[in-house]
**Student:** 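Here it is, the structure, as structure tokens.
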Amino acid sequence: MSENPSLSPSAIQASRDVRAVISRLRRRILNASEIEDLTLGQASVLARLSNKEGVTASELASVEGVRHQSMTAMITSLADRSLVTRSPDPGDGRRLLIALTPEGRRRVEEGRQARTEWLAGQLQDKCTEEERRSVIATMAVLERLIRD
């Protein structure tokens, strides 16, 4: 695949660098939460449910990019661990709505806290104040890229 000739070399290099660093950083941040008994997929489902409860397995499968059957198995596993509940949809009794249990919410919050503390510690230990301010400014630029 050839590169678009209208793109500047610096735009191409910046794109490669940002994608590579974000990918590695994401893995390191996820590993910091030490959710040994959960898969990354299960942790992702719990995080999604913390933002929007009462969703169906089909909705979760769609946003997570997995088959409905895979999501159903994942939800069953999470329910067996008392991390999620399944209850009939009041608007359509044929559907089940998935929600976090208090234990599921606690696990999500602990994971977020661990990831925040890990990254803040890395920024504190390995960066100067000026570099941290540069990171903050860079995040504003990257945020602008994802806005429509």
Side-chain angles (χ1 to χ4, degrees), residues 1-4 7 11-127 131-148:
M1 180 171 115
S2 63
E3 292 176 353
N4 183 339
L7 297 174
I12 292 169
Q13 185 63 48
S15 171
R16 287 180 181 147
D17 292 351
V18 167
R19 287 183 303 112
V21 168
I22 287 175
S23 179
R24 290 191 312 270
L25 181 61
R26 182 178 182 274
R27 281 193 298 274
R28 292 291 303 271
I29 289 171
L30 288 173
N31 288 336
S33 62
E34 300 179 12
I35 30 182
E36 294 124 10
D37 64 330
L38 296 176
T39 67
L40 288 179
Q42 290 170 330
S44 180
V45 167
L46 292 179
R48 284 200 190 277
L49 288 171
S50 72
N51 297 324
K52 181 181 178 189
E53 295 212 0
V55 298
T56 66
S58 296
E59 292 168 329
L60 285 170
S62 177
V63 296
E64 289 290 318
V66 299
R67 293 185 344 253
H68 183 271
Q69 295 86 346
S70 299
M71 183 55 64
T72 300
M74 194 178 308
I75 291 166
T76 297
S77 176
L78 293 170
D80 290 347
R81 295 176 184 176
S82 300
L83 299 175
V84 300
T85 60
R86 296 172 282 199
S87 57
D89 183 339
D92 181 352
R94 300 169 296 173
R95 297 175 3 152
L96 292 176
L97 298 179
I98 316 304
L100 287 176
T101 64
E103 175 63 13
R105 186 160 304 285
R106 184 189 67 76
R107 293 284 299 270
V108 169
E109 292 305 320
E110 282 182 359
R112 283 184 180 145
Q113 182 68 26
R115 292 185 299 273
T116 297
E117 288 176 5
W118 177 84
L119 185 54
Q122 294 298 305
L123 290 165
Q124 180 71 37
D125 295 345
K126 297 180 179 179
C127 298
E131 288 171 326
R132 288 189 294 272
R133 291 187 189 283
S134 178
V135 168
I136 292 167
T138 301
M139 293 301 101
V141 171
L142 293 176
E143 181 67 30
R144 195 173 69 226
L145 296 178
I146 61 171
R147 289 195 183 137
D148 294 343

**Student:** Using a 4.5 Å cut-off on heavy atoms from C-beta on, say whether the side chain of Thr56 contacts that of Leu97.
**Tutor:** yes

**Student:** Are Met74 and Glu64 side-chain neighbours, meaning at least one heavy-atom pair lies under 4.5 Å?
**Tutor:** no

**Student:** Is it the case that more than 12 heavy atoms not belonging to Arg132 sit under 6.0 Å from its CZ atom?
**Tutor:** yes

**Student:** Mind checking whether Pro102 and Arg106 have side chains closer than 4.5 Å, heavy atoms only?
**Tutor:** no

**Student:** Hey, are the side chains of Leu78 and Leu38 touching, using non-hydrogen atoms and a 4.5 Å cut-off?
**Tutor:** yes

**Student:** Please tabulate, for the side chains in residues 118-126, all donor-acceptor contacts under 3.5 angstrom to protein atoms that are two or more places apart in sequence or on a different chain.
**Tutor:**
| from | atom 1 | to | atom 2 | distance (Å) |
| --- | --- | --- | --- | --- |
| Gln122 | OE1 | Lys126 | NZ | 2.8 |

**Student:** Look at the side chain of Ser50 and the backbone N and O of Ala47, then say whether any donor-acceptor pair between them is shorter than 3.5 Å.
**Tutor:** yes

**Student:** Can you find a heavy atom in the side chain of Val45 that is under 4.5 Å from one in the side chain of Met71?
**Tutor:** yes

**Student:** With a 6.0 Å cut-off (strictly less than), is the heavy-atom count around CZ of Arg133, excluding the residue itself, greater than 12?
**Tutor:** no

**Student:** Test side-chain hydrogen bond (donor to acceptor under 3.5 Å, both in side chains) on Ser23 and Arg19; report intermediate values, then the result.
**Tutor:** CA-CA 6 Å; Ser23 179; Arg19 287 183 303 112; over 6 Å; no

**Student:** In chain order, what residues pass the side chain to side chain contact (heavy atoms under 4.5 Å, CB included) check against Glu117, with sequence neighbours excluded?
**Tutor:** Gln113

**Student:** The criterion is side chain to side chain donor-acceptor pair (under 3.5 Å); which residues satisfy it with Asp17, sequence neighbours excluded?
**Tutor:** Gln13

**Student:** Does any part of the side chain of Val108, heavy atoms only, come nearer than 4.5 Å to the side chain of Leu49, both counted from C-beta?
**Tutor:** no

